[in-house]
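Everything below concerns the one structure shown next.
First the proteins, then the strands, lettered A, B, ... as listed; each starts at 1. In what follows, every heavy atom counts, from backbone to side chain, and hydrogens, waters and symmetry copies are set aside.
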Amino acid sequence: MRSEAGRLLNPSTSERPGTAAEGGIELSADYIRSIRRKLLNWYDRNARDLPWRHHSDDAYAQWVAEIMLQQTRVDTVIDFYLRFLDRFPNVESLAIAPLDEVLGLWQGLGYYRRAENLHRSAQILARKDIDWPKDARGWQALPGIGVYTAGAIASVALGEQVPAVDGNVLRVLARLLCIDDDIGWTTTRRRLSAAADRLVPKARPGDFNQAWMDLGAAVCTPKTPACDQCPLARECAGLAKGMIAQLPVRTAAKKPIAVERVVLVLAHRNRVLVRQRPRGGRWSGLWEFSNLDVGSKSHSLALKELRADLALGEGLRPTFRGVVKHLLTHRAYSFHIYHLRLPRAALPRGQGQTYRWVTEAQLASLPVGVAHRRVLHFLTT
DNA sequence: AAATCGGGGTT
DNA sequence: AACCCAGATTT
């Protein structure tokens with residue numbers, strides 16, 4: 001099979017050589033035209049049927065979808081999205097809701113700062129502190145919206161001719177243009193973004209951007225891409241040079257740091273003690289059982305410190321109930337669960353944290369991270 | 001440029 | 001067990 005990639009990528013055939021910056025990727029007008037036509041053609045026949053694609057003109061609906069989709073797979077998002085839009089169908093309903101309820105709909109989805117920023121941005125817009133964004137630049141002024149998300153919203157909902165370069169597009173473009181620099185580097189991302197910017201058409205920019213994503217999800221997958229089914233195979237420089245298996249180049253992620261914690265679940269009658277996590281860190285604003293880093297201490301000493309912090313007096317000895325392992329990108333947690341029934345239900349004093357004694361039903365309505373939700377399975381008695 | 005911020009599906 | 005996902009923000 002004779003590839004067009006070599007000829008079409010040749011700088012000498014580029015229509016606008018002057019636009020290429022230092023180290024920029026030259027794309028001929030013919031090449032750009034080919035990519036646009038073939039990718040959109042493929043998309044017309046292969047586009048996934050996704051909930052937010054039924055509201056393409058609704059910037060709010062696109063916005064919510066794009067925030068949820070940050071670093072999160074489509075299949076994971078769908079159910080969260082449907083529930084969220086059912087409860088908050090527009091920016092006004094979201095703006096007047098308490099953050100706890102927003103977090104409640106977000107629990108299990110991760111990166112909870114996204115929910116805070118979404119809520120905060122909704123309030124900014126509902127209060128009309130700023131005008132409703134009319135382009136990508138306007139969207140990017142809101143907290144939680146970066147270059148990618150702004151481009152996605154503006155291209156899909158507003159029809160603006162801007163790219164939306166996510167991890168998918170970086171991978172596909174690195175292969176298509178045979179870029180073997182580390183796609184983690186700022187310089188590489190800048191070059192690929194510049195290429196994406198030149199490729200996005202004036203007509204149907206939103207469909208075009210989404211077509212990259214569908215292609216990346218269905219054909220140009222991270223491992224073993226289906227090049228024999230790819231509509232851009234003839235334009236793919238990586239394929240022509242036999243480099244697909246090596247592309248994209250990316251430095252390996254570091255291993256997560258192991259963290260061991262003791263969890264002390266205090267119970268009184270049918271209630272358990274929970275506390276709300278402080279703003280800003282992990283699981284910001286979510287509820288959890290009292291827990292403490294073990295570090296180099298023994299479990300019994302860590303538990304003793306935890307009980308001293310809670311200042312709930314002496315009681316019986318906590319009983320060990322099991323371990324919840326919870327893996328994050330940068331941390332590998334193991335929560336060692338201990339259970340202790342108290343004769344009295346007093347609230348800890350002077351901890352600068354919000355504590356509550358709650359029934360199981362009440363706990364169900366509070367936002368709790370996945371790890372501490374799993375702790376519940378160890379407390380059946 | 002590197003670290004931080006969740007959780008889960010694929011390979 | 002490694003990889004990576006419709007990234008943004010802070011350091």
From B:dG6, B:dA2, B:dT4, nucleotide with atom closest to A:H330 side chain: B:dT4
Sugar-phosphate only, base, or nothing, as touched by A:I145 at under 4.0 Å among non-hydrogen atoms: sugar-phosphate
Integer angstrom distance from the P of C:dA6 to that of B:dT11: 13 Å
Rounded distance in Å - CH2 (A:W106) to P (B:dC5): 18 Å
Check: A:E235 side chain, A:L176 main-chain N or O, donor-acceptor pair, under 3.5 Å: no
Exam field: side chain A:W52 to backbone A:S56, donor-acceptor pair closer than 3.5 Å: no
Whole-Å gap separating C1' (B:dC5) and OH (A:Y111): 5 Å
Whole-Å gap separating P (B:dG8) and CG (A:L327): 11 Å
Side-chain N,O (A:R114) to OP1/OP2 (C:dT9) below 4.0 Å: no
Which nucleotide in B:dG7, B:dC5, C:dC4 has an atom nearest any side-chain atom of A:Y112: B:dG7
Donor-acceptor pair, side chain of A:Q107 and main chain of A:V368, under 3.5 angstrom: yes
Candidates C:dA6, C:dA8, B:dG6 - which lies nearest the side chain of A:T149: C:dA8
Touch class at under 4.0 angstrom, heavy-atom based, for A:G184 against every strand present: nothing
Comparing A:V368 and A:T221 on DNA chain B - which has the more 5′ nearest nucleotide: A:V368
Distance, rounded to the nearest Å, where A:R120 contributes CZ and C:dA8 contributes C1': 12 Å
Nearest-Å distance for atom pair CD1/C1', residues A:I78 and C:dC5: 14 Å
A:R53 and its salt bridge (Lys or Arg N to Asp or Glu O under 4.0 Å) partner, picked from A:D58, A:D207, A:D214: A:D214
Spacing of A:Q70 atom CD relative to C:dC5 atom C1', expressed in whole Å: 12 Å
Sugar-phosphate only, base, or nothing, as touched by A:L286 at under 4.0 Å among non-hydrogen atoms: nothing
Along DNA chain C (nearest heavy atom to each residue), the more 5'-positioned of A:P248 and A:A150: A:P248
Sugar-phosphate only, base, or nothing, as touched by A:V77 at under 4.0 Å among non-hydrogen atoms: nothing
Touch class at under 4.0 angstrom, heavy-atom based, for A:W52 against every strand present: base
A:L69 CG - C:dC4 P separation (whole Å): 19 Å
Touch class at under 4.0 angstrom, heavy-atom based, for A:R277 against every strand present: nothing
Separation of B:dG6 P from A:H326 NE2 (nearest whole Å): 9 Å
Closest listed nucleotide, where the reference is the side chain of A:K254 and the choices are B:dG7, C:dG7, B:dA3: B:dA3
Sugar-phosphate only, base, or nothing, as touched by A:R374 at under 4.0 Å among non-hydrogen atoms: sugar-phosphate
Sugar-phosphate, base or nothing in reach of A:R73, heavy atoms under 4.0 Å: base
Atom P, compared across B:dG6 and C:dT10: separation rounded to whole Å: 14 Å
B:dC5 and C:dC4, which share atom name C1', separated by this distance in whole Å: 15 Å
Sugar-phosphate only, base, or nothing, as touched by A:W283 at under 4.0 Å among non-hydrogen atoms: sugar-phosphate
Residue closer to the 5' end of DNA chain B, A:G281 versus A:T224 (nearest nucleotide): A:G281
Sugar-phosphate, base or nothing in reach of A:T329, heavy atoms under 4.0 Å: base
Ring centre gap for A:H372 and A:F335 strictly below 6.0 Å: yes
A:R250 side chain, from C-beta outward: closest of C:dC4, B:dG6, C:dA6: C:dC4
Sugar-phosphate, base or nothing in reach of A:G369, heavy atoms under 4.0 Å: sugar-phosphate
Donor-acceptor pair under 3.5 Å, A:T72 side chain vs B:dG6 base: yes
Presence of salt bridge, A:R127 and A:D129, under 4.0 angstrom: yes
Exceeds 12 heavy-atom contacts within 6.0 angstrom, atom CD of A:Q246: yes
